[in-house]
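A short write-up of the structure that comes next.
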Amino acid sequence: MPTRTSFLINPPKLAPLDHDQEERRSTTHYVNKQSLLSNIFSSLDHFICRFLDYPLRASIDPKHVLSGNFFPVDELPPTVCEVLEGTLPRCLDGAYIRNGPNPQFIPQGPYHLFEGDGMLHCIRIRDGEATFCSRFIKTYKYTVEREIGWPVILNFFSGFNGLAASIARFAVNFCRILAGEYDPRLGFGTANTSLAFFGGELFALGESDLPYRIKITPIGDVITLGRHDSFGAPFTTMTAHPKIDPETHEAFAFRQSINFRPPFLIYFRINKHGEKQPEVPIFSLPELSLIHDFAVSKKYAIFPDTQITMNAKNILKGMPAVSVDPKKVPRLGIIPRDAVDESEMWWVEVPGLNMVHAVNAWDENSGGGETIVVLATTVLSVEHVLDEMDLARARLERIEINVQEKTVTRRAFSSANLDFAVINPAYAGKNNRYIYAATGAPMPKISGVVKIDTSLVSTEDSEECTVGKRLYGNKCYGGEAIFVPRDPHNPAAEEDDGYLVTYIHDEVTGESRFIAMDARSPTLEIVSVVRLPQRVPYGFHGIFLPEHDLQLCNLSPN
């Protein structure tokens, strides 16, 4: 999901960055010189929270948002774990890493779940033994605020809470930049949403900033190597959901405008060596809508234009910049995957389709012409997606786009509340049969995982596509489950021959565990359980890296 960002309609003019600043400016000496100003700004923050904020809604009240297992934890160095049940399969030698929000400071004022500092929870497995580690992603935002001892970068989702508080927070934030307390060109996001591996590098991502390079050491520690500035210029961002072609090893990504000016969408490709290719500005998107994810087939990239919009005028009314426009008709935008400009892009209206997460996409040719098949989750009751997530529901669908006729048909796989769906990563961009989706309890909590057989979908919406199911138990909740193939180098292996791995938390005992499930079992049988030495707060997206990929990360220059 989206993360914290600074709000800069017209960024102040700043002195050019010198070489040392480009590498990564040290903030310790700098902040000491600004300690008096920092205290003044912090006092103003206290005043705004105490006297100017509207009464906090539940969705931005930290007492509610950070309750239970959403409450943050401290860093934990690599710690040996106990295998409670079964044995860890050999194919799990590597690391499972999960990203999520974990604010380093308990907020005094408004706070949204999407805004916490990114923390990576990593379980390193080797020869049946496991080591667990939790580390903050050392973003520029995290480092600056750590040195100052107080949050300084404006919260995008919760910071605009009433007209007086919005104006005051914006003014304080602007003065902080002018005073040099922080430099937004060096980053303003939390990198708390997901992870991706491409170009021989592991990245932590959040769509409010550029990616951060991450390294997993042989003992299982998590090291932040720095912000990957080559993916964009100052004041630019990158999606938290790049798509990687497992055959060409290319990555496909996009960024959105953060200054509320067109082009509102920019598409680009990253080659197999990790080198960003020329950008493709998309001017046919007439307004800034929240595009969290997109789909990529072998021939096309597919972008959703949803009812979730971003409008700077809202801030002038003391309202959040992100809101839902119930009158807007959602659309899909289709562009050739290797396009050099948007001349071949076209849009088609799809009423009711508020696509949040894309699972997969592929191309089909039949007597009726060319069809793009997209597997994705769409949010129902979209008006609840930001303020009342527990009331929003997500539906897993097969979306067929007729390229010649420019029409769209949709079919649901299940009536259940499903999101955070994954596939066998070897089938990205190809016709896949199985999807593994998280069951909302309701969201943002996840009560279990289901296995969907896409070949069972009928011409009408069907509830018969579920062929496997695992509930985590009473008061036990988990997250997105990642598929790990049993033998990734065997071309004859069945698509579902592998394991699902995730973290779960028992709210009765307060204990968190790592589990591995047999993806072929109708009950998604648990084959191994590892007791974790520290609680793992509920989070967002994760990744599994086998030993070979971990070695590639370690070989990359720091």
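Quick note: residue numbers are just sequence positions, from 1.
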**Item:** Those residues that, when tested against T409, pass side chain to side chain donor-acceptor pair (under 3.5 Å) (two or more places apart)
**Value:** none
**Note: E494-R486 ion pair, threshold 4.0 Å (strictly below)** = no
**Message:** I need the full list of salt bridge (charged side-chain N to carboxylate O under 4.0 Å, His left out) pairs touching residues 280-305, with sequence neighbours left out, sorted by first then second residue.
**Reply:** K243-D293, D245-K298, E247-K298, E287-K328, K299-E370, D305-K328, D305-R331
**Prompt:** So, D325 and K327, do they make that salt bridge, N to O below 4.0 Å?
**Reply:** no
**Item:** Ring center gap for H541 and H357 short of 6.0 angstrom
**Value:** yes
**Item:** Under-4.0 Å salt bridge between R269 and E279
**Value:** no
**Request:** Could you tell me which non-hydrogen atom of S381 sits nearest to which non-hydrogen atom of A392, and how far apart they are?
**Result:** O-CB, 4.2 Å
**Request:** May I ask you to say whether E495 pairs ionically with R433, meaning some side-chain N is under 4.0 Å from a carboxylate O?
**Result:** no
**With sequence neighbours excluded, residues passing ring-ring contact (aromatic ring centres under 6.0 Å, His included) with Y142** = F136
**Message:** Just checking F231 against F203, ring centres under 6.0 Å apart?
**Reply:** yes
**Message:** My understanding is that only residues two or more places apart in sequence, or in another chain, count here; which of them pass side chain to side chain contact (heavy atoms under 4.5 Å, CB included) with D93?
**Reply:** R90, I125, D127
**Request:** Indicate whether any N or O donor in one side chain lies under 3.5 Å from an N or O acceptor in the other, for S323 and N314.
**Result:** yes
**Message:** With a 6.0 Å cut-off on the ring centroids, do F254 and Y267 count as close?
**Reply:** no
Let me check something: any side-chain donor-acceptor pairs from residues 438-447 under 3.5 Å, sequence neighbours excluded? List them with distances.
| residue | atom | partner | partner atom | Å |
| --- | --- | --- | --- | --- |
| K445 | NZ | E507 | OE1 | 3.3 |
| K445 | NZ | E507 | OE2 | 2.9 |

**Prompt:** Does K272 come within less than 4.0 Å of E275, counting only side-chain N to carboxylate O?
**Reply:** no
**Request:** Taking side chain to side chain donor-acceptor pair (under 3.5 Å) as the test, write out the residues that go with R398, two or more places apart.
**Result:** E400
**Request:** Please check if any side-chain donor atom of H112 sits under 3.5 Å from a side-chain acceptor atom of N155, or the reverse.
**Result:** no
**Message:** Below 30° counts as parallel, above 60° as perpendicular, anything between as tilted: where do the rings of F303 and F294 land?
**Reply:** parallel
**Prompt:** Does NZ or CZ of K276 fall inside the cone over F268's six-membered ring, less than 6.0 Å from its centre and within 45° of the axis?
**Reply:** yes
**Cationic N near anionic O, under 4.0 Å, R98 to E480** = no
**Asked** Are a donor atom and an acceptor atom from the side chains of T190 and E115 found within less than 3.5 Å of each other?
**Response** no
**Message:** Just by distance, no angles: are the side chains of D117 and N102 close enough, under 3.5 Å, to form a donor-acceptor pair?
**Reply:** no
